[in-house]
Structures are given as structure tokens and as C-alpha cells.
2 protein chains.
Amino acid sequence: MSDRPSEAAVRAWARLERAHRAAVGTVEARLAGAGLPDLAWYDVLLELERAGTGGLRSFQLQAALLFQQYNLSRLVDRMTEAGHVAKAPSPDDGRGLVLTITRSGRALRRKMWPVYALAIEEAVGRHFTDAEARTFGDLLGRLHPSG
Amino acid sequence: MSDRPSEAAVRAWARLERAHRAAVGTVEARLAGAGLPDLAWYDVLLELERAGTGGLRSFQLQAALLFQQYNLSRLVDRMTEAGHVAKAPSPDDGRGLVLTITRSGRALRRKMWPVYALAIEEAVGRHFTDAEARTFGDLLGRLHPSG
DNA sequence: TCAAGATTGATGCAAGTGCATCTATTGGTA
DNA sequence: TACCAATAGATGCACTTGCATCAATCTTGA
């Protein structure tokens with residue numbers, strides 16, 4: 001925890017930054033070019049859609065996506081205003097909110113997916129064989145809490 | 001270019017987002033906790049220091065770091081104002097600027113490094129063996145233009 | 001050599017982010 | 001039960017980013 005990093009670790013870190021910037025740049029450009037909302041919106045929609053009718057509490061969504069609390073709070077505001085997300089008071093916790101995706105949110109996610117998918121292929125897929133992509137995904141998985 | 005991505009590619013992309021967010025979160029928190037400027041400042045300082053006395057043109061720095069043009073323009077403004085970067089008109093190109101790091105910029109980078117290094121170890125290094133970190137770095141390297 | 005187009009970097013304005021802090025509620029402890 | 005720390009989520013304010021566009025300069029090609 002308090003050791004200096006190895007050369008290899010420093011190189012990996014530096015490349016993580018560049019690779020991420022390049023990949024996100026490509027994907028955001030494709031989404032914007034198609035007149036679609038940005039990645040954060042997709043992330044929220046997907047996570048809420050996966051959660052099903054029960055929805056998710058704000059803090060769960062925040063933990064899943066690793067967004068900042070204040071950031072997510074305002075993002076959800078915007079998406080609620082746009083009609084893609086619904087907020088309801090939590091029955092279990094008077095402080096809390098339950099967030100669910102709306103029909104319009106599901107439609108938006110479906111509309112975004114084809115563009116997003118092509119962008120992922122362009123930004124990531126085409127650089128790897130399937131086996132490499134699996135290895136890459138495994139290594140990336142080590143870096144975040146949820147496994 | 002126009003194919004759908006494989007499952008493995010989509011998973012790798014999703015994990016790239018999460019891993020990056022987690023790692024950057026850790027590193028920014030350590031820098032901020034030590035009262036130091038953020039990552040972008042370090043990136044600029046390092047790149048300019050590597051460039052030596054000749055400095056770099058704005059567009060070169062932009063390409064190296066994959067920053068947005070308008071973003072870098074204003075970041076350099078702030079760093080110049082803080083005395084860490086010097087701007088000079090390019091002798092070869094009347095439109096252009098040559099950016100160099102100042103003595104104070106070098107000092108700042110040196111001061112940031114120990115904190116940054118520990119953060120890199122915490123965010124990345126400790127999750128991998130050296131061999132894994134090398135493999136990881138190689139795979140990441142595929143995703144950005146400069147090799 | 002001169003006009004048309006491309007490139008470099010800056011900037012006004014709107015939108016998003018980060019920080020600190022706030023209110024409301026909950027859970028733990030005495 | 002009554003208090004106090006902890007947690008959920010919202011928000012005011014300053015700063016940063018994104019978008020569109022600008023002015024200045026360079027390059028190309030007739």
C-alpha cells in the first residue's frame with residue numbers, strides 16, 4: 001500500500017489514461033454525431049433497466065456506476081425532467097429515492113444501442129481478437145471494487 | 001469498422017470505463033488530499049519536461065495528451081498564470097505558440113511525483129504482478145493512436 | 001501572385017462539475 | 001425514550017468544460 005509502483009505499473013497507468021481518453025473520445029463523438037445523449041445517460045438507463053421494476057436506490061446506482069453523489073443527483077434530475085427516469089420516495093427509508101426507468105427511457109436506450117455498439121467496435125473491438133479482449137477485460141476487472 | 005462488437009469487446013469496454021473511473025478517483029483523491037493540482041496539470045508538466053528546452057507547440061501537446069483544443073488552451077492559460085508554463089510565439093509559424101515548462105513547473109512536478117507514485121501503486125500496481133502489469137500495458141497500448 | 005481552403009489557437013456563452021454544506025431521516029447507545 | 005453520530009440526497013457558488021465560432025496565419029494550386 002505504501003510501496004513505490006513498478007515501472008510496468010506506471011506504464012500501465014499512463015496507458016490506461018490515454019487509452020480511455022481515446023476510446024471515450026471515439027464513442028462520445030459517435031453518439032453526439034447521431035444526435036444522441038452521452039455515455040453517462042446510457043449507463044444510467046442500462047443499470048436501471050437491468051434492475052427491473054423494483055428500480056434502484058440512488059446510492060446503489062451511484063455505487064454501481066462510480067459516479068459522484070452530487071453528480072448523479074443532478075444527472076437524475078435532468079433525466080427525470082426529460083422523462084426517461086422516474087423518482088419515487090422509498091417505502092423503506094424516508095430519506096431515500098427509488099429510481100426506475102420509464103418506457104421512454106427504455107426506448108431511448110434501445111435507440112442508442114446500435115450507434116453505441118458500432119462505436120465500441122471501433123474504439124475497442126477491432127483492436128483485439130476475442131481472446132485478447134477477454135484477457136483485457138479480466139485484467140480491467142481487477143481494478144474495480146465490484147469484481 | 002461497421003461490425004457489431006463481440007461480447008468480449010463489450011465487456012472489456014464496460015470494464016474500461018469502471019476501472020478508469022475507480023483508478024482516477026483514487027489518484028485524484030490522493031492528489032487533492034495532499035493539496036496538489038490535479039492529474040491534467042501533471043500530464044502537461046511531464047510532457048513539457050520531456051520535451052526539454054525546445055518546448056512543444058500547443059497542437060503537439062494536445063495530440064500527445066488527447067486533450068480537447070479549447071480545453072488545453074485554457075488549461076495552459078491557468079498554468080501560465082500560475083507560473084509553471086511559459087508561452088512564446090513560434091518562430092516558424094505566426095499562428096503558433098511554443099510552450100515550455102518553467103523552473104517552478106519542474107519543481108511542482110517533482111513535488112507531485114511521490115504522492116502520485118503512491119497513488120498509482122494503490123490504484124493499479126497492487127492489483128497486478130509485474131508480468132500482468134506488462135501485459136495490461138501492452139493491451140492498453142493497442143487502443144491509442146501513438147502506439 | 002492571389003484567392004480558396006486549411007490550420008492554429010482563443011473566446012462568449014450555456015451546461016456540467018466539484019466543493020462545501022444543508023436538511024431530513026435513520027440507527028445505535030445509553 | 002432521548003440523544004448523537006451516520007447516512008441519503010439536494011443545492012448555492014465558483015470553476016471547468018463543450019460547443020460554436022472567430023481572427024490570424026499558412027498552404028495549395030491555378
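In what follows, every chain begins at residue 1, and chains take the letters A, B, ... in the order their sequences are listed.
Rounded to whole angstrom, the span from the CG atom of Leu97(A) across to the P atom of dT23(C) amounts to 19 Å. Between the CZ atom of Arg57(A) and the C1' atom of dG9(D) there is a distance of 9 Å, given to the nearest Å. Asp92(B) has its CG atom 18 Å from the P atom of dT7(C), to the nearest Å. In this structure, CD of Gln68(B) is placed 19 Å from P of dA15(C), rounded to the nearest angstrom. Rounding to whole angstrom units, CG of residue Leu72(B) and P of dG9(C) are separated by 9 Å. Between the C1' atom of dG9(D) and the CG atom of Leu61(A) lies a distance of 13 Å, rounded to the nearest Å. Atoms CG (Leu56(A)) and C1' (dA8(D)) sit 15 Å apart, rounded to a whole Å. What separates CG of Leu75(A) from P of dG18(C) is a distance of 12 Å, to the nearest Å.
With respect to the salt-bridge test (charged N to carboxylate O, under 4.0 angstrom), the residues Arg18(B) and Glu47(A) qualify. Taking 4.0 Å as the cut-off between side-chain N and carboxylate O, Arg4(B) and Glu121(A) do not count as a salt-bridged pair. Between Glu17(A) and Arg21(A) there is a salt bridge, since at least one side-chain N of the basic residue sits less than 4.0 Å from a carboxylate O of the acidic one.
Looking only at atom types and distance, the side chain of His84(B) has a donor-acceptor partner in the side chain of Ser104(B) under 3.5 Å away.
Checking the phosphate oxygens (OP1, OP2) of dG9(D), no side-chain nitrogen or oxygen of Ser73(A) falls inside 4.0 Å. A close approach under 4.0 Å does occur between a side-chain nitrogen or oxygen of Lys87(B) and OP1 or OP2 of dA10(C). Between Asn71(A) and the phosphate of dG16(C), there is no side-chain N or O to OP1/OP2 separation shorter than 4.0 Å.
Remark: the Gln69(A) side chain and the dA8(D) base include no donor-acceptor N/O pair separated by less than 3.5 Å. Contact of Arg95(A) with dT7(D) (side chain to base): a donor-acceptor pair of N or O atoms is detected under 3.5 Å.
Remark on DNA chain D: of its neighbouring residues Tyr70(A) and Ala32(A), the 5'-side contact belongs to Tyr70(A), judged by nearest-heavy-atom nucleotide. When the nearest nucleotides of DNA chain C are assigned to Gln62(B) and Arg74(B) by heavy-atom distance, the more 5′-ward of the two goes with Gln62(B).
The nearest pair of heavy atoms linking Leu143(A) to Ala22(B) is O-CB, 3.7 Å.
Put simply, Tyr42(B) and Leu75(B) are part of the same group of oily side chains (I, L, V, M, F, W, Y) that touch within less than 4.5 Å, one to the next.
Comparing the local axis fitted to the first five base pairs of the helix from dT1(C)-dA30(D) to dA30(C)-dT1(D) with the one fitted to its last five gives a bend of 30°, rounded to 10°.
For residues 17-38 of chain B, every residue pair satisfying the ring pair (Phe, Tyr, Trp, His ring centres under 6.0 Å) rule, not counting sequence neighbours, is listed here: His20(A)-His20(B).
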